[in-house]
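Data block below; observations after.
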Amino acid sequence: MAGPGAPTVAELGAPGAARVSAGSGIAQAAHALVRAAARGLLTTGTYGTLADGLAHGELNTLLGRD
């Protein structure tokens with residue numbers, strides 16, 4: 001399973017890896033972002049962690065719902 005400290009996708013592919021799994025790592029990263037956003041709202045009242053959010057249109061396109 002790939003994650004921080006693991007070889008890059010290219011490095012894994014060079015010897016013949018056909019796929020690379022991030023397992024639950026992507027969900028864990030999303031949960032950490034949600035926690036950071038909630039903390040920011042509750043502690044400082046700021047919205048900085050929301051700055052890199054996807055616009056609805058972009059998200060719909062990624063999900064094939066355009």
Between side-chain atoms of residues 21-31 and protein atoms elsewhere (two or more places apart, or another chain), which donor-acceptor pairs fall under 3.5 Å?
| from | atom 1 | to | atom 2 | distance (Å) |
| --- | --- | --- | --- | --- |
| S21 | OG | G23 | N | 3.0 |
| H31 | ND1 | A27 | O | 3.2 |

For this session: Go through L41 and T46 one step at a time and tell me if the side-chain contact (heavy atoms from CB on, under 4.5 Å) criterion holds.
Result: CA-CA 5 Å; L41 290 169; T46 60; over 6 Å; no

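Going from atom OG1 of T49 over to atom CZ of R35 covers 12.0 Å, rounded to the nearest 0.5 Å.
Side-chain contacts under 4.5 Å among hydrophobic residues (ILVMFWY), followed directly or transitively, place V9 together with L12, V20.
For the side-chain contact (heavy atoms from CB on, under 4.5 Å) test with E58, the passing option among T61, L54, N60 is L54; the others fail.
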